[in-house]
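Working notes for the structure below.
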Amino acid sequence: ATCFGGLLSENPSFAYCVGAETCLSYLYNTPEQQREMLAKIGVDSIAELFEQIPADLRLNRRLALPPALTEIELEAHLTELAAKNGEGRSRVSFLGGGAYDHFIPAAVDAIASRSEFYTAYTPYQAEASQGSLQTFFEYQTLICQLAGMDVSNASLYEGGTAVSEAVFMAMRITNRHGKVVMLESVHPEYRQVCQTYLKQLNCELVVVPCPGGAADPDEVRRALDDRTACLVVQHPNFFGCLEEARELAELAHRVEALAVVSFDPVSLGLLARPGEYGADIAVAEGQALGIPLQYGGPYLGIMACKNDFARKMPGRLIGETVDRQGRRCFVLTLQAREQHIRREKATSNICTNQGLLALRATVHLSLLGKSGLAEVAELCTRKAHYAADCLTRLAQFAGLELAFPARPFFKEFTLRCRAGVDETVSRARAAGFDIGPKLSAYGKIGGQRLDDCLLVAVTEKRTVAEILGLAGALRR
Amino acid sequence: ATCFGGLLSENPSFAYCVGAETCLSYLYNTPEQQREMLAKIGVDSIAELFEQIPADLRLNRRLALPPALTEIELEAHLTELAAKNGEGRSRVSFLGGGAYDHFIPAAVDAIASRSEFYTAYTPYQAEASQGSLQTFFEYQTLICQLAGMDVSNASLYEGGTAVSEAVFMAMRITNRHGKVVMLESVHPEYRQVCQTYLKQLNCELVVVPCPGGAADPDEVRRALDDRTACLVVQHPNFFGCLEEARELAELAHRVEALAVVSFDPVSLGLLARPGEYGADIAVAEGQALGIPLQYGGPYLGIMACKNDFARKMPGRLIGETVDRQGRRCFVLTLQAREQHIRREKATSNICTNQGLLALRATVHLSLLGKSGLAEVAELCTRKAHYAADCLTRLAQFAGLELAFPARPFFKEFTLRCRAGVDETVSRARAAGFDIGPKLSAYGKIGGQRLDDCLLVAVTEKRTVAEILGLAGALRR
Amino acid sequence: MRNRQATQLLFDHSKPGRRAAIFPASDVLERPLDEIIPLAQRTALPLQLPELTEPEVIRHFVNLSTENMSVDTHFYPLGSCTMKYNPKRHERLAGLAGIVDLHPNQPGDQAQGMLELLYSLQQILAEIAGLPAVSLQPAAGAQGEFTALLVASAYFRDKGERRTKVLFPNSAHGTNPASAALAGFQCVQLSSTPQGFVDLSELQSHLDDATAVFMVTNPNTLGMFEREITRVARLVHDAGGLVYIDGANMNAIAGIARPGDFGGDMMHYNVHKTFTGPHGAGGPGAGPIAVRDFLADFLPGPIVVSDAAGTAKPVFYRLVTPPKSIGRVRSFFGNVGILVRGYCYLRTLGAAGVRAMSENAVLNANYLLAQLKDVLPVPQGERCMHEFVASARLLKDSRGISAMDIAKRLLDFGFHAPTVYFPLVVAEAMMIEPTETESKETLDAFAQAIRTIVAEDAEYLHLAPHETPISRPDDVRAARQPILKWTPPAE
Amino acid sequence: MRNRQATQLLFDHSKPGRRAAIFPASDVLERPLDEIIPLAQRTALPLQLPELTEPEVIRHFVNLSTENMSVDTHFYPLGSCTMKYNPKRHERLAGLAGIVDLHPNQPGDQAQGMLELLYSLQQILAEIAGLPAVSLQPAAGAQGEFTALLVASAYFRDKGERRTKVLFPNSAHGTNPASAALAGFQCVQLSSTPQGFVDLSELQSHLDDATAVFMVTNPNTLGMFEREITRVARLVHDAGGLVYIDGANMNAIAGIARPGDFGGDMMHYNVHKTFTGPHGAGGPGAGPIAVRDFLADFLPGPIVVSDAAGTAKPVFYRLVTPPKSIGRVRSFFGNVGILVRGYCYLRTLGAAGVRAMSENAVLNANYLLAQLKDVLPVPQGERCMHEFVASARLLKDSRGISAMDIAKRLLDFGFHAPTVYFPLVVAEAMMIEPTETESKETLDAFAQAIRTIVAEDAEYLHLAPHETPISRPDDVRAARQPILKWTPPAE
Ligand SMILES: Cc1ncc(COP(=O)(O)O)c(C=O)c1O
Ligand SMILES: Cc1ncc(COP(=O)(O)O)c(C=O)c1O
């Protein structure tokens, strides 16, 4: 095959034409066109254009990269890599810990793969972006409806940074920069992110231990004081347990701190909404809303707050307005909060956000609607409880027990494995079931006590046969 | 879940609401709306609308159908069915016999899954269908370029019926209705279709035996006479061999019969084009042009012909014209050939054709272009010859030999298995390689001689490692 | 926001040396090409295909797509075509590995999942038809008709009867006579009653011992159920003929009335219509046929049968050809990709769902009829099944506004046009089929648009549409000086 | 052909009882809900989500999509954003089972394929950067900046130095100062030379032992390569600081010059730009960082390492956290879906391809600059790298035509607008980045459009665009009386 990618390059020893044809699928200009273009520019070669770069800074060798692959080869390569994951395809996942195997209707993929959505960028030009803008306005509305909050932004990176952004926001709102209180039952990775984010800021992050699987309100009360910017609660929490969210929010408010809640969007088909129990800022990992697992991202950082705090929010906001002919339309608004206007005074540094994932969540929530979300929530909780029963009671598994039997839980529970976590995981795995994560992976949570525990999550996709299969595999 | 699909149905014992919720995803009208609509119509119930059907003709029971499945359940069901095919996913296909595992660039799927294409219908309203019309005009052009012919229609059902339609067309053109000559080396299923189509018409179908794997021109000459409407040749033929296409076309023309050729589109990256060697009507199975195997269909019937025959063609034709403002545009044209105008005098009964597959072929050919098609053709033929060498010569496989060693072949060859076809197939299969079909599956082709033969096809997707793997598996 | 480069032809973008799909270098031992393919067999001329890059191909076709109306974007009440919603889950599931990549020559024991699916679909279609034997082979409705007529022909031949005629009413779809002619029959078109029904005495007067088949669409192409269908069938049967039901309109009666129960001996389905194929810009379709038991032996092969059903052994599915089969009507099994989608739809609906589908289709059609009948008379009356045929004849006579004018103007309002000028028995026909997957809101908006349009100036309507990329192409020029492909400027 | 129902809001379509996604009935033993979830924990209010059918949802969003311009449909020369073609193969491959459905908590030995891919990507990005240690964790460029600044901070802390200031030129992207502030640094903005380059004496005058990092985009946001970058780096290094390269413009230099070779200590990539993410209507991105070896220990975890490479044992990949890590900057591994696409792109290009990409990006930009400079002056001169910043200042002064007017009017011609009013150092800036995946034909058409536009009537341009669904929304009203969500009419 002929090739012209680097035809006019300065260094003929860069034998582009050998093995480099593959990139040409995406390049347009033929050698003849390149010559015409160079003539118009007034140079003799592409190399001349690069004389802008001092000669000694130009790389005088070819990059040491793996060889170029044609589409057939690339597909074979990726297929091979994919086959090395998960030991084949028919595994059944009870994995939890912040990402879940929920069902994604095909209609979500159909919309997210529309060229006009996924190959556009930030809707800077409203006239050429009403599709995205209206979608994100609808997204904001759906998130507010879901969480019972007043205002939603148009997305943050993911659940972990959303917590940190909420903490910063609370600090700005309360003007308290010295102390933040977080429950130990918040996802340990979210906590680690928050620690990273706060490290530079001389702000103390007080972690309230939750040895019982959820917060003890007395402990929380003791930790809060009038220096506290906010109390960060995850509900349902990392262990799967429900917190006494209303009481906790009240405790925060009592010291004029904000209540920041990280919620599970699916749980709101059944549980009280953050706005209902007094959350000031509600954040979430939105992965459960139609976003594939894809080894951890891209996911969706959800953030909603009370009306008064809108101008303190990080991230983009879409607003309704009218055009010069009075037609309803949508625009990026309150941009004075953002980095491209406010620079170092911005409410956040975020620029590229998670637009396509917000679109997925919008379509997903539209499809589920009122009844669908309630159905999913109920199915998850029923199946999770059935699984917990099977694993601990019905089948008399010596050695398996709920770590926090006194606590109600939603779709996920912490299982203590007296016989050893690794042994339990391997047995399940040999039968094609994945359970976890093991809590030992997160270092200390409440001391060493939880090293014999793991999480088990049960979504609406799991069937009774699969649950019984898992139970069977763990039977001694 | 509540449900209103059949709320107002005449028979309350049709308990629609149990298990029938699934259909509601696609229905719009709520019970309240149904009531409003019935009021506007002036009836009391949907049942009343069905009184148009005499009572004794109305089914007084529920259909005995398998239970309704939600999307989650349907996906689980289809996934299970899919897993029962092909014994898992990592099989390597050397299967041929009219359908081939060619590579399909992802861009083909991306375009074919555009809503605007696949959820539209026949472009009757030109103003609302320029997308389809221009695409099909481009398809017609590409097919003409490919085959070296003057006119292409906008698709027929598939390769087999395309042959029959060509035969009918030849009969109309030559006004010879009593005799058609076909080589035995034409795909046996195409021949069977033609037999079926001709059965009613008192037309003799003379099959010229090809014991040598391709036609003997002397035999063909003897079969042709001045009653013959056409000679039907497949080239490369069913056995993978090349025919002496030019000579055969000349023989047909000598008795003023038409030369009908069924070609392999991929082969035209290398081989002489039908228009080059005198074909009057060129047809093809278009599956190789970006169409997935999907167990036999939908595929694409390609038909092209010489200029003079355009008005005798079956199927739709798209023509260029201008609109009332002089803008170039495209329309369905020469419709006087078609059933909706000409009814029993139409050139064919075809109505719904294979539009989406013609679109796929258009995109596929656009992507391959001049050089890509040549590359694919060369890769196929090189790899097929390498495979034939490995299987027969290099590795000294006792018992495996080319059935037609004297004949050049393109991407497929007939392998004689002295040790038994079934034994050979099973050995390959056990190692994850599929070869075939066995020629015994087609009943008599040239007597019983070929029962110890099977086909092996090698596309550009097969690697040297796979070919050697197959050879290794068949080594005694 | 139209991309002005978009309407250029693919060929206008071609430049020598551009590439999109690029293939790996050969990894096998190289023999000189001349040694494997004789020079005489090789092409002497350079390939003429265009040379494009991948971004160019994508931008071209994505932009072209937006010049189409489609079900996913617009209300598309094209009569007789059942333009219902095409569920997205079907596309995902028909695309599963193991289904989309299954080779048609894969041995049966490696295709048990597929055969199970196709077997179930045969059973389901038999039950809905009330006719026990099904062939999934035909590629579309027209091929279903043709296939069934060959079956009839083989049946009569087998009985030693020579029957040469196929009868059909003048409201029949064009494929009916075309299929009959293709199958070697003599075509006899019957006039209908003024209401558009089968005229019993006309039928009777043509029935004789040369009559092979009477083809009738029910509900008919006017959207009316043939109330006398049992008497029609009895007459045909008494004359020794068979009744063929054109099932294009099954969306009105599936789960409610069965062709086998009202006298049909054979029928076809249009899976791409009734069971949401989808329509693919003109196809592909799938046109399975269902026939009475005494015709089963004549069906084309292959057909899926199940071994060991009811026994202790696991069920095994096999492909067989019926003993007296008419032979194949196409290569391989059938338009399986479409059949899989039809199966998905039928499994989603279940028995109650199938019925609800027809009920809502009929409700929507009658509602729209009620909305429109004052502005656009419906000669066939106050009621319809899943579609109705309005007539612009009065408007044409009084103000010169034709069915075509209204159809074209509807495009400006963001609605696809109904089928126009079919069936032939209604002057200025507008055949409107809303389907069950449209909302009252949409029907109201459509009715409102029609009301607006009929009040518009006739001259303005003759020039409609006004907001589409093109308007009123010159069909005569296209047919007189056909340009059927692009030719390079040089040529 | 616009569907007039299309611009209704989702919520306008809602009707009580409509359903799209429906779930199976529970198949497990039922315990009363109150027993498992206490009533007090349950919501007391009905859910407020809309009620829609699936066809409605699809038609709504498909129609909405067509109100967007996008790379697949239009030339999109949005400066600084590298709106190149997004290969379709990436979407297919990132969607493979085993990749798209891999759980982030799947144990490492069940994710070896994924870890191998991510490991290779780390290596590739290190090589292109000329900086050996890579973290793939940051979710976008801005988070990459922030992360790298935390790394610098940890590094200095580890050395026992207290450095509090981050310096950047006034041409810097807004994320630079915002990230610095977020990381707890004091921001110092430096003025540039009249040509828009880093002003060495200005830099020198601000460098001191409190200087932690100098952030510089190279090529800079004017599309110019900082010729003095080695001297810049030497000055910063001499003052004990680190040099951060904002890699948003790597599309100009990948394979040609390496940040590590011209003095950068840290950098980020924007995988969604340079390595064709795609852009997803605003995101997701991926913003991996590459740093010098002495900073490696401070990178956030997890990072992929390979065991047994070079030994006889099969390679095994593991996730580790560097010893002095700053900690996590997000949950899980990173925006893997985007990283997979970037990997696919880099494997498609190979070394020569990466270079050809930059060469053609620079060629296209210079060609367009040459075409446009007469009509739209480019203050920075005759040459550029992959993009250039034209100014409408003269037009504004002479005829009142602003950069915004031209941008808006371009939409009517079927071109997305360039980035306007950035960088801040150029008045009436129009930042134009064609990328390498556009053709000369398109560039010519774009230049022609600009030429046409600047000759148009100013009043007409103030009202532009004229052919888009909306025109010139009232931004002030949007900000003064923010309506940030739909509220039901009753509320
Ligand atoms: C009444 C009727 N019969 C038969 C057909 C032919 O079916 P197909 O187009 O699937 O071949 C049609 C399709 O338009 C039809 O409407
Ligand atoms: C020069 C420059 N730096 C940094 C960024 C921020 O990158 P991201 O949007 O990926 O966070 C951008 C993106 O617009 C940019 O153009």
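Numbered from 1 within each chain, the chains take letters A, B, ... in sequence-line order. Note that these values count all heavy atoms, side chains included, but never hydrogens, waters or copies made by symmetry.
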- Task: Check N105(C) against L95(B) and note the closest heavy-atom contact, atom names and distance.
- Result: O-CD2, 4.2 Å
- Structural part of F11(C) lying under 4.5 Å from a heavy atom of chain B: side chain
- Note on the structure: So, the part of L45(C) with a heavy atom under 4.5 Å from chain B: the answer is both
- Message: So if I apply the side-chain contact (heavy atoms from CB on, under 4.5 Å) rule between R114(B) and each of L64(C), N68(C), T66(C), which one comes out positive?
- Response: T66(C)
- Task: Give, as side chain, backbone, both or neither, the part of E51(C) having an atom under 4.5 angstrom from any heavy atom of chain B.
- Result: side chain
- Item | Which portion of L379(B) sits near chain C, non-hydrogen atoms under 4.5 angstrom | side chain
- Query: Between D261(C) and R58(B), does at least one N-O distance fall below 4.0 Å, as a salt bridge requires?
  - Reply: no
- On the 0 to 90° scale, with breaks at 30° and 60°, tag the Y85(C)-Y26(B) ring pair as parallel, tilted or perpendicular. tilted
- Item | CA sep, side-chain torsions, deciding dist, call: R355(C), L63(B), side chain to side chain contact (heavy atoms under 4.5 Å, CB included) | CA-CA 9 Å; R355(C) 192 184 167 105; L63(B) 288 170; over 6 Å; no
- Test item: R347(C) side-chain N/O and P67(B) main-chain N/O as donor-acceptor pair under 3.5 Å: yes
- Would you confirm whether Q140(B), through its side chain, and L484(C), through its main-chain N or O, come within 3.5 Å as a donor-acceptor pair? yes
- Go through T43(C) and E276(B) one step at a time and tell me if the side-chain hydrogen bond (donor to acceptor under 3.5 Å, both in side chains) criterion holds. CA-CA 8 Å; T43(C) 182; E276(B) 233 175 313; 2.8 Å; yes
- Could you look at R342(B) and say if it's the side chain, the backbone, both or neither that has a heavy atom under 4.5 Å from chain C? neither
- Salt bridge between R19(C) and E375(B), side-chain N to carboxylate O under 4.0 Å? yes
- Using non-hydrogen atoms and a 4.5 Å limit, figure out which bit of Q130(B) sits close to chain C: side chain, backbone, both or neither. both
- Indicate whether any N or O donor in one side chain lies under 3.5 Å from an N or O acceptor in the other, for D434(B) and Q110(C). yes
- Message: Keeping K84(B) on the side-chain end and Q112(C) on the backbone end, is there a donor-acceptor pair under 3.5 Å?
- Response: no
- Query: In terms of heavy-atom proximity below 4.5 Å to chain B, should H103(C) be classed as side chain, backbone, both, or neither?
  - Reply: both
- Under the ring pair (Phe, Tyr, Trp, His ring centres under 6.0 Å) test, residues paired with F117(B) that sit two or more places apart: none
- Item | Part of I341(B) lying under 4.5 Å from any heavy atom of chain C | neither
- Message: Checking the side chain of N85(B) only, and the main-chain atoms of G113(C) only, is there a donor and an acceptor separated by less than 3.5 Å?
- Response: yes
- Query: Counting only N and O atoms by type, is there a donor-acceptor contact under 3.5 Å from the side chain of R327(B) to the main-chain atoms of P469(C)?
  - Reply: yes
- Message: For a quick check under 3.5 Å, do S471(C) and E127(B) share a side-chain donor-acceptor pair by atom type?
- Response: no
- Item | With E36(B) via salt bridge (Lys or Arg N to Asp or Glu O under 4.0 Å) - residues at least two apart | K440(C)
- Query: Between the main-chain N or O of Q371(C) and the side-chain N or O of K40(B), is there a donor-acceptor pair closer than 3.5 Å?
  - Reply: no
- Message: Taking side chain as everything from C-beta outward and backbone as N, CA, C, O, which of these in L369(C) sits under 4.5 Å from a heavy atom of chain B? Side chain, backbone, both or neither.
- Response: neither
- Note on the structure: Honestly, the part of S115(B) sitting under 4.5 Å from a heavy atom of chain C is both
- Query: Would you say the side chain of R89(C) lies within less than 4.5 Å of the side chain of E75(B), judging by non-hydrogen atoms?
  - Reply: no
- So, the side chain of R343(B) versus the backbone of A178(C): is there a donor-acceptor pair under 3.5 Å, distance only? no
- Note on the structure: Cut-off 4.5 Å, heavy atoms of chain B, and the answer for R31(C) is both
- Task: Say whether, by atom type as modelled, one donor and one acceptor occur between the side chain of T141(B) and the main chain of K485(C) under 3.5 angstrom.
- Result: no
- Do N360(C) and Q34(B) meet the criterion of a side-chain donor-acceptor pair at a distance under 3.5 Å? yes
- Region of A44(C) in contact with chain B, defined by heavy-atom distances below 4.5 Å: both
- Task: Please name the residue in the list E158(B), E285(B), E189(B) that meets the side chain to side chain donor-acceptor pair (under 3.5 Å) test with S331(C).
- Result: E158(B)
- Determine, using ring centers only, whether F146(C) and Y197(B) are less than 6.0 Å apart. yes
- Message: Below 30° counts as parallel, above 60° as perpendicular, anything between as tilted: where do the rings of Y295(B) and F333(C) land?
- Response: tilted
- Proximity breakdown for E91(C) and chain B, heavy-atom pairs closer than 4.5 Å: side chain
- Contacting region of E338(B) [heavy-atom separation from chain C under 4.5 Å]: neither
- So H272(C) and T352(B), side-chain hydrogen bond (donor to acceptor under 3.5 Å, both in side chains) or not? Walk me through it. CA-CA 9 Å; H272(C) 46 301; T352(B) 296; 3.3 Å; yes
- Query: What is the minimum heavy-atom distance between P465(C) and R324(B), and which atoms define it?
  - Reply: O-NH2, 3.6 Å
- Segment of H173(C) engaging chain B (4.5 angstrom heavy-atom cut-off): both
- Query: Where on A94(C) is there a heavy atom nearer than 4.5 Å to chain B: the side chain, the backbone, both, or neither?
  - Reply: neither
- Query: Given that the side chain runs from C-beta out, which part of I36(C) has a heavy atom under 4.5 Å from chain B: side chain, backbone, both or neither?
  - Reply: both
- Hey, does the side chain of Q339(B) reach the backbone of T175(C) with a donor-acceptor pair shorter than 3.5 angstrom? yes
- Message: If I measure from the heavy atoms of chain C, does V322(B) come under 4.5 Å with its side chain, its backbone, both, or neither?
- Response: both
- Task: Would you check if the side chain of T119(B) reaches a backbone N or O of S70(C) as a donor-acceptor pair within less than 3.5 Å?
- Result: no
